[in-house]
Participant: 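Can you keep this structure in mind? I'll have questions shortly.
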Amino acid sequence: MPYRSPVSEYKFVLEHVVGFSDVSSTDTYAEATPDTVDAILTEVAKLADEVMAPLNRNGDLDPARLENGVVRTSKGFADGYKAMTEGGWLGLAATPEYGGMGLPQTLSCAVNDFFAASCMSLGLNPLLTQGHIEALEHHAPDWMKDLYLPKLISGEWSGTMNLTEPQAGSDVGALTSKAEPQGDGTYAISGQKIYISWGDHDFGGNICHLVLARLPDAAPGTKGISLFMVPKYIPNEDGSLGEANSLRVVSLEHKLGIHGSPTCVMEYDRATGWLVGEENKGMAAMFTMMNNARLGVGIQGIGIAEGAMQHAIAYAMDRKQGRTPLDGTPEGTGTILDHADVRRMVATMKADTFAARAIALACGVGIDMTAATGDKAWTARAAFLTPIAKAFGTEVGIRVSELGVQIHGGMGFIEETGAAQYSRDVRVTAIYEGTNGIQAMDMVARKMMDGGETANAIIDEIEATAEEARAKLPDLGEAVWQSAETLREATEWMTAQGELNERFAGAVPYLMGFARVLGAHYHLKAALAEGDNGPRTRLARFYITRLLPEHIGHLAHATCGAEDLYALTTDELTA
């Protein structure tokens with residue numbers, strides 16, 4: 001599958017749309033100069049295009065397998081992983097104290113985007129390790145940081161997160177894994193975990209599991225959960241690998257997609273573990289990792305959208321069928337790309353991918369500004385944008401990959417073309433790291449505990465951009481301003497609901513409506529930066545004219561409340 005990383009797109013969005021200069025102007029990230037950004041994007045693109053993209057199809061056709069208790073990865077994956085680690089890309093945003101580059105999280109978004117687009121199955125591995133690193137940086141004792149972080153940052157070791165159990169999915173508080181103190185600072189960890197991405201592999205080194213478990217007599221629910229480091233091999237003091245720990249891979253899940261990524265059922269049988277953070281405070285430590293992962297998963301959706309779009313456009317530029325309005329004209333290609341409906345689908349792919357990418361990068365900027373300044377407004381902004389970036393990014397990935405199959409026509413349903421792989425691979429992103437419904441519920445509940453202050457601050461920014469555009473692009477500026485007012489009214493309705501279930505009933509459409517309006521804002525900023533009726537302005541006009549109106553339906557749905565959802569009885573729903 002040919003793939004070309006969108007380097008110029010990233011440079012434009014960072015420079016003109018999401019305010020990355022705010023980040024590089026801080027003392028913390030002063031090294032993130034335009035030359036540094038350009039060098040990073042160029043080098044990562046070369047790795048993604050030339051090394052990882054050729055592995056994508058093989059990962060689908062030759063999936064990871066479990067042989068005699070050992071996970072064997074797809075052909076070429078070990079070499080691809082080695083190339084990623086040799087470039088130092090796993091530690092791009094990690095602290096320099098332990099070997100990281102100390103660069104902004106926003107640049108990690110670019111790395112993860114290129115990796116997901118070129119080979120999501122393999123690109124998922126470093127995403128987990130990055131979250132693992134961040135959790136240890138914030139919560140681990142110094143001895144654990146000294147031992148584990150250099151190895152994880154270099155990629156010599158890799159990391160996983162172990163939350164889910166057969167009876168405890170989104171309700172993490174229902175987990176039953178146990179941790180028994182051994183009197184020497186270690187704990188005996190016992191239990192079974194499922195859906196553990198990259199729980200084992202044959203790349204060498206150690207595999208470090210962050211495992212949620214309960215101490216004896218711990219409180220029920222999430223208040224009684226602690227977090228533990230449980231490595232595959234117990235390290236010696238010098239960092240060399242010691243004896244094997246008492247854990248194993250029971251089986252690999254048979255998945256719809258990302259076949260090259262081994263998703264493991266893990267069993268811990270009094271395995272040796274060490275406490276990370278405080279007793280019974282495991283969820284706080286794990287949420288550090290999960291929030292990192294939620295933005296990363298949104299980026300995965302965007303990466304898949306990019307890959308699927310490029311794949312579909314290449315096909316549309318080659319496929320000849322029927323007559324088009326452009327036949328015999330200089331603008332015509334003589335291919336299905338000239339058909340109006342194919343143009344609609346391709347333009348939708350481009351417009352939505354841009355919108356989702358801008359939202360995710362704006363979230364990254366918020367995270368970086370929080371780290372650099374500690375400003376509470378930036379903290380609140382990053383927190384508010386995280387569920388939007390995750391949910392909208394993955395929904396765009398799903399929709400764009402579906403359009404990619406549609407553009408291929410009948411050939412899209414044939415596996416040999418590779419179009420369906422994107423759709424199968426991306427589908428899980430709307431489910432893991434908190435389903436998109438959970439993201440939306442979090443947005444309208446915890447992220448609106450400020451009475452809508454953060455949401456309204458973002459809406460103010462949208463209206464300010466719209467006011468600026470009224471002089472240069474009056475029709476577009478007016479449409480965006482009006483959409484922001486509709487969004488503000490829906491936000492006021494949400495914050496007025498004292499019963500959370502009233503908010504939850506419309507949480508997903510509210511998030512999607514917010515994302516639609518926010519996407520229009522960033523398209524408008526791109527058009528203003530372009531300064532003439534160029535391709536970015538024309539794409540903005542397509543988005544604002546054709547896609548932005550969807551916000552009306554989303555926000556009308558969002559403010560209906562919960563009563564009608566329960567009007568049908570259980571018997572009537574299941575009849």
Participant: Roughly how far, to the nearest 0.5 Å, is NE2 of His551 from OG1 of Thr486?
Facilitator: 4.0 Å
Participant: Main chain of Ser5, side chain of Asp49: is a donor-acceptor contact present, judged purely on distance under 3.5 Å?
Facilitator: yes
Participant: Any salt bridge between Arg470 and Glu478, counting N to O under 4.0 Å?
Facilitator: yes
Participant: Could you go step by step and tell me if Glu416 and Arg57 meet the salt bridge (Lys or Arg N to Asp or Glu O under 4.0 Å) rule?
Facilitator: CA-CA 10 Å; Glu416 284 78 1; Arg57 193 64 178 145; over 6 Å; no
Participant: Can a side-chain donor-acceptor contact be found between Asp22 and Ser25 if the only test is distance below 3.5 angstrom?
Facilitator: no
Participant: Please report the C-alpha distance between Asp460 and Arg488 in whole Å, then the side-chain angles of each, then the deciding distance to 0.1 Å, and finally whether the salt bridge (Lys or Arg N to Asp or Glu O under 4.0 Å) criterion is met.
Facilitator: CA-CA 9 Å; Asp460 289 343; Arg488 194 185 299 277; 2.8 Å; yes
Participant: Using only heavy-atom distances, determine whether the side chains of Gln310 and Glu306 contain a donor-acceptor pair under 3.5 Å.
Facilitator: yes
Participant: If you count heavy atoms of other groups shown closer than 6.0 angstrom to CD of Glu467, is the number above 12?
Facilitator: yes
Participant: Report the relative orientation of the aromatic rings in Phe514 and Tyr510; use parallel for angles under 30°, tilted for 30 to 60°, perpendicular for over 60°.
Facilitator: perpendicular
Participant: Go through Thr26 and Thr28 one step at a time and tell me if the side-chain hydrogen bond (donor to acceptor under 3.5 Å, both in side chains) criterion holds.
Facilitator: CA-CA 5 Å; Thr26 66; Thr28 304; 4.7 Å; no
Participant: What pairs with Gln497 under side-chain hydrogen bond (donor to acceptor under 3.5 Å, both in side chains), at least two apart in sequence or on another chain?
Facilitator: none
Participant: Thinking salt bridges, do Lys46 and Glu43 make one under a 4.0 Å N-O criterion?
Facilitator: no
Participant: If the threshold is 4.0 Å, N to carboxylate O, is there a salt bridge linking Lys320 and Asp338?
Facilitator: no
Participant: If you measure from the Lys or Arg side-chain nitrogens to the Asp or Glu carboxylate oxygens, is any gap between Arg424 and Glu415 under 4.0 Å?
Facilitator: yes
Participant: If you measure from OG1 on Thr353 to CE on Met309, what distance do you get to the nearest 0.5 Å?
Facilitator: 4.5 Å
Participant: Go through Asn436 and Thr394 one step at a time and tell me if the side-chain hydrogen bond (donor to acceptor under 3.5 Å, both in side chains) criterion holds.
Facilitator: CA-CA 8 Å; Asn436 287 357; Thr394 57; 2.9 Å; yes
Participant: In Å and rounded to the nearest 0.5 Å, what is the NE2 to OH distance from His408 to Tyr315?
Facilitator: 6.5 Å
Participant: Drop me the distance from Ile153's CD1 to Thr85's OG1, to the nearest 0.5 angstrom.
Facilitator: 13.5 Å
Participant: Apply side-chain hydrogen bond (donor to acceptor under 3.5 Å, both in side chains) to Gln130 and Asn112, showing your working.
Facilitator: CA-CA 10 Å; Gln130 289 165 8; Asn112 292 329; 3.1 Å; yes
Participant: Taking side chain to side chain contact (heavy atoms under 4.5 Å, CB included) as the definition, give me every residue that meets it alongside Ser423, ordered by chain and number, with sequence neighbours left out.
Facilitator: Ser401, Glu402, Val405
Participant: Does Arg357 form a salt bridge (Lys or Arg N to Asp or Glu O under 4.0 Å) with Asp113? I'd like the steps, not just the answer.
Facilitator: CA-CA 9 Å; Arg357 181 174 281 134; Asp113 188 333; 3.0 Å; yes
Participant: Salt bridge check, Asp79 against Lys82: does any charged N sit closer than 4.0 Å to a carboxylate O?
Facilitator: no
Participant: Is there a side-chain contact between Arg343 and Leu326 in this structure, where contact means two heavy atoms from C-beta onward sitting under 4.5 Å apart?
Facilitator: yes
Participant: Looking at side-chain heavy atoms only, is the closest gap between Trp493 and Leu555 below 4.5 Å?
Facilitator: no
Participant: Is it the case that Asp532 and Thr537 place a side-chain donor and acceptor less than 3.5 Å from each other?
Facilitator: no
Participant: Any side-chain donor-acceptor pair under 3.5 Å between Thr454 and Asp450?
Facilitator: yes
Participant: Could you tell me whether Asp442 and Arg294 have a side-chain N and a carboxylate O separated by less than 4.0 Å?
Facilitator: no
Participant: Is the closest side-chain heavy-atom distance between Val346 and Leu337 below 4.5 Å?
Facilitator: yes
Participant: How long is the straight-line distance from CD of Glu463 back to OG of Ser483, given to the nearest 0.5 Å?
Facilitator: 8.5 Å
Participant: Counting neighbours of CG on Asp27 that are heavy atoms of other residues, nucleotides or ligands and sit closer than 6.0 Å, is the number greater than 12?
Facilitator: no
Participant: Just wondering, do Gln421 and His259 contact through their side chains at under 4.5 Å, heavy atoms?
Facilitator: no
Participant: On the 0 to 90° scale, with breaks at 30° and 60°, tag the His523-Phe354 ring pair as parallel, tilted or perpendicular.
Facilitator: tilted
Participant: Counting only heavy atoms not in Glu86, do more than 12 sit closer than 6.0 Å to its CD atom?
Facilitator: yes
Participant: Minimum heavy-atom separation for Leu90 and Gly155, please, with both atom names.
Facilitator: CD2-CA, 3.8 Å
Participant: Using only heavy-atom distances, determine whether the side chains of Tyr543 and Arg516 contain a donor-acceptor pair under 3.5 Å.
Facilitator: yes
Participant: Quick one: do Met448 and Glu453 satisfy side-chain contact (heavy atoms from CB on, under 4.5 Å)? Show the steps, please.
Facilitator: CA-CA 8 Å; Met448 285 189 164; Glu453 180 180 344; over 6 Å; no
Participant: A side-chain contact here means heavy atoms from C-beta on lying under 4.5 Å apart; do Ile407 and Met349 qualify?
Facilitator: yes
Participant: Flag the pair Asp368 / Val365 as yes when at least one side-chain heavy-atom distance between them is below 4.5 Å, and no otherwise.
Facilitator: no
Participant: Quick one: does Thr129's side chain get under 4.5 Å of Trp198's, heavy atoms only?
Facilitator: no
Participant: Less than 4.5 Å apart, any side-chain heavy atom of Leu122 and any of Phe115?
Facilitator: no
Participant: Any carboxylate oxygen within less than 4.0 angstrom of a Lys/Arg side-chain nitrogen, looking at Glu461 and Arg381?
Facilitator: yes
Participant: Look up atom CG in Leu295 and atom CD in Gln300, then write down how far apart they are to the nearest 0.5 Å.
Facilitator: 10.5 Å
